[in-house]
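Here the structure is laid out as C-alpha cells; the discussion comes afterwards.
Note that ligands are numbered from 1 as they come in the structure, with each ligand's atoms numbered from 1 the same way. Side chains are part of it too, since the values below use all heavy atoms of this structure and drop only hydrogens, waters and symmetry mates.
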Amino acid sequence: MTYPTFHNLIGGQWLPAASGKTILNLNPADHSDVVGAFPSSYAEDVALAVAAAKKAFASWRLVPAPKRAEILIRAGILLQQRKEKYARDMTREMGKVLAETRGDVQEAIDEAFYVAGEGRRLFGQTTPSELQNKFAMSVRMPLGVVGLITPWNFPMAIPSWKLFPALVSGNTCVIKPATDTPLSVYNLVQALVDAGLPHGVVNIVAGTGTAVGVPLVEHPDVRAVSFTGSSAVGSLVGQRAAATFKPVSLEMGGKNAQIVMDDANLDLALDGALWGAFGTTGQRCTATSRILLQKGIAAEFTARFVDRAKKLKIGNGLDESVEVGPQVNPNQIETSVKYVEIALAEGARLLMGGHALNAGIYAHGTYFEPTVFGAVTPAMRIAREEVFGPVVSLIEFETFDEAIQIANSIDYGLSAALYTKDVNRAFAAIRDLEAGITYINAPTIGAEVHLPFGGVKHTGNGHREGNGAIDFFTTWKAVYVDYSDKLQRAQIDNAE
Ligand code: UN1
C-alpha cells in the first residue's frame with residue numbers, strides 16, 4: 001500500500017527527522033489502512049525547531065496584534081472551507097465518528113474567530129500613580145518561544161486552543177502533535193501557513209513523548225509549556241519544567257459525574273448520559289464516567305440506559321450511521337480490559353459489554369464494547385480512576401448532599417452535571433461541586449471555546465484554556481512614565 005510521508009516543519013521548511021526514521025499513523029478502525037508516515041524526531045530536531053522559533057520571535061513580536069489576528073481570521077476561513085476534508089482525515093487517524101470530527105474542526109474555527117478578537121483587545125490596565133505627574137499602566141507582553149504538547153482525542157481543537165492564543169499574543173511555537181494523530185495538527189498548521197503565517201512562527205516536531213516532549217520541556221530557550229494529557233505524564237512535565245522555572249499549563253484527567261435526581265426529566269438525563277459516556281468512545285477528559293442515580297429513579301434509569309446503550313451502532317466512524325467508533329490504539333483497549341477486570345474483582349456488576357471486539361468487521365481495528373457497571377460504590381477504583389474508554393459506572397445515592405459528597409470524593413475535578421427541576425438544588429450544586437465546569441440539565445461534555453476550560457485538584461494546575469489562555473501566554477509588564485522632570489521617590493516623597 002502506498003501512503004504519504006510527512007516531514008517536520010522547521011523555520012518554514014519541511015524537513016525529515018534527523019534520525020531518518022518515521023512512525024506509521026494507522027487508522028484505528030482498520031490497521032491495514034496507513035494514513036501516513038510521520039517523522040520520528042529527537043532532541044536535535046527539537047533544538048532546530050526551537051532555534052527557528054527563537055529567530056522568528058524577533059520579528060513576530062513586533063507585528064501589531066490586530067495584524068497577527070488577521071492571519072487567524074484567514075486561517076479560520078480556510079478551516080471552514082476545508083472542514084469536511086479535515087474531519088475525514090481526523091476520523092481516519094483517530095477513529096471518532098464524522099459528526100464529532102466535524103465538531104472538532106468547528107471548535108478550531110470557533111477558536112480562530114474568538115481569539116482573533118483578542119488582537120484588538122489584549123487589554124492591560126491604567127491606574128493612578130501615587131506621585132504627581134507620573135503615569136502608571138500595565139501591558140501584556142509575549143513570553144517568547146512556547147512548547148505545545150497536544151493530545152490525540154481532540155487532535156485539532158486542542159492544538160488550536162494553544163496555538164491561536166499563543167500566536168495572537170506574539171509568541172512563536174514549537175508544537176508536538178500526539179503520536180497517534182499528527183495529521184490533524186499538520187492540517188491545522190497548513191491552514192495557518194496558507195493564511196500567511198511567516199516562516200518559523202509555528203514549527204512542528206513529530207515523535208514520541210519521551211523523544212520530543214522531554215527535550216522540548218527541558219530546552220532553556222522554551223519559555224513556557226502548555227500540555228494536555230494524562231495526570232501521570234502532566235506531573236512529569238511539571239516537574240521537569242520546574243527545573244528551569246517555566247510556567248506550565250497542565251490540562252489532565254477527569255472522572256466526571258452526572259447526577260440524576262428523582263425529579264429530573266428522565267428522557268433528557270438518559271440522552272445526556274449516553275452522549276456523555278459513549279460520545280468519542282468515552283475518550284474525552286470531560287467524558288461522563290460516573291452516573292449518580294437517586295434511589296427513586298435508579299432502577300428505571302438503569303434499565304433504560306442499558307437498553308439504549310445496547311442499541312448503539314459500533315463501527316468505522318467514516319460510516320455516517322455509526323455512533324461509536326474504535327478506541328484510538330491497542331494500549332487504550334488494554335486499559336479498558338484492565339479496568340473491567342479491576343471492577344469485577346471489586347464486586348461491581350457488569351450490566352453490559354466488557355470486551356474488546358475482534359470478529360467480523362471489527363477484526364482489523366481497536367474496538368471495545370460500550371460497558372456499564374452497576375452496584376458500584378464510591379470507594380471502588382472503577383469509581384475513582386480515569387479509564388478513558390467507553391466504560392461507565394452507575395452509583396446509587398439517597399440524598400442530594402450525599403450525591404455532592406460522592407461527586408467530590410475523587411482526585412479529579414474537571415466537569416460535573418446535575419439533572420434536576422429544582423432550581424434551589426441547581427444553584428447549590430453550582431456552588432458546591434468541585435469541578436472547573438458544571439452543567440445543569442446538560443451532559444458533562446460540550447464546553448464552548450469562549451468560556452474558561454480546565455479543572456481543579458489533579459485535573460490541572462490552575463490555568464485555563466479558552467477564556468483564560470491569554471493570561472497564560474502573556475506576562476505582565478508594569479510601566480511607569482514620570483513626566484515631572486525631577487526625581488520622585490515612591491513610598492518616600494509622597495509620605496506624610
Ligand atoms: C477533552 O475532553 O479533552 O467540552 C476536551 C468538551 C469538548 C472538549 C473536550 N469541547 O467535551
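- The shortest N or O to N or O distance between Phe453 and ligand 1 is not below 3.5 Å.
- In this structure, Ser415 and Tyr439 have side chains that are in contact, with non-hydrogen atoms separated by less than 4.5 Å.
- Taking a cutoff of 4.0 Å between a charged side-chain nitrogen and a carboxylate oxygen, Lys255 and Glu385 do not qualify as a salt bridge.
- Contact annotation: the side chain of Phe373 never approaches that of Leu394 to less than 4.5 Å [non-hydrogen atoms, C-beta and beyond].
- Of all the atoms in ligand 1, the ones that sit under 4.0 Å from a non-hydrogen atom of Ala447 are 4 (O), 6 (C), 10 (N).
- Taking every heavy atom of Ile445 and a limit of under 4.0 angstrom, the matching atoms of ligand 1 come to 11 (O).
- Residue contacts with ligand 1, taken as heavy atom pairs separated by less than 4.0 Å, involve Ile158 solely via side-chain atoms from C-beta onward.
- Look at Arg92 and Asp33 and you find a salt bridge, because one of the NZ, NE, NH1 or NH2 atoms lies within 4.0 Å of a carboxylate O, short of that distance.
- Using a cut-off of 4.0 Å between Lys/Arg side-chain N and Asp/Glu carboxylate O, Lys338 and Glu334 are scored as not salt-bridged.
- With hydrogens left out, the protein atom closest to atom 3 (O) of ligand 1 is Cys285 SG, 2.7 Å, a heavy atom.
- Atom 7 (C) of ligand 1 has as its closest protein heavy atom Arg284 NH1, 3.6 Å.
- Contacts between Thr228 and ligand 1 below 4.0 angstrom, taking non-hydrogen atoms only, are absent altogether.
- Looking at Arg74 and Asp194, no side-chain N of the basic residue comes within less than 4.0 Å of a carboxylate O on the acidic one, giving no salt bridge.
- Under the 4.5 Å side-chain criterion, counting only non-hydrogen atoms from C-beta, Thr172 is not in contact with Val146.
- Note: no N/O pair closer than 3.5 Å links Trp161 and ligand 1 by distance alone.
- Asp45 meets the salt bridge (charged side-chain N to carboxylate O under 4.0 Å, His left out) test with no other residue; sequence neighbours excluded.
- Taking every heavy atom of Phe154 and a limit of under 4.0 angstrom, the matching atoms of ligand 1 come to 1 (C), 2 (O), 5 (C), 7 (C), 8 (C), 9 (C).
- With hydrogens left out, the protein atom closest to atom 6 (C) of ligand 1 is Gly446 N, 3.2 Å, a heavy atom.
- Contact atoms of ligand 1 toward Asn153: 1 (C), 2 (O), 3 (O) (distance under 4.0 Å to a heavy atom of the residue).
- Closest to atom 10 (N) of ligand 1 by heavy atom, among Glu251, Glu448, Glu107, is Glu107.
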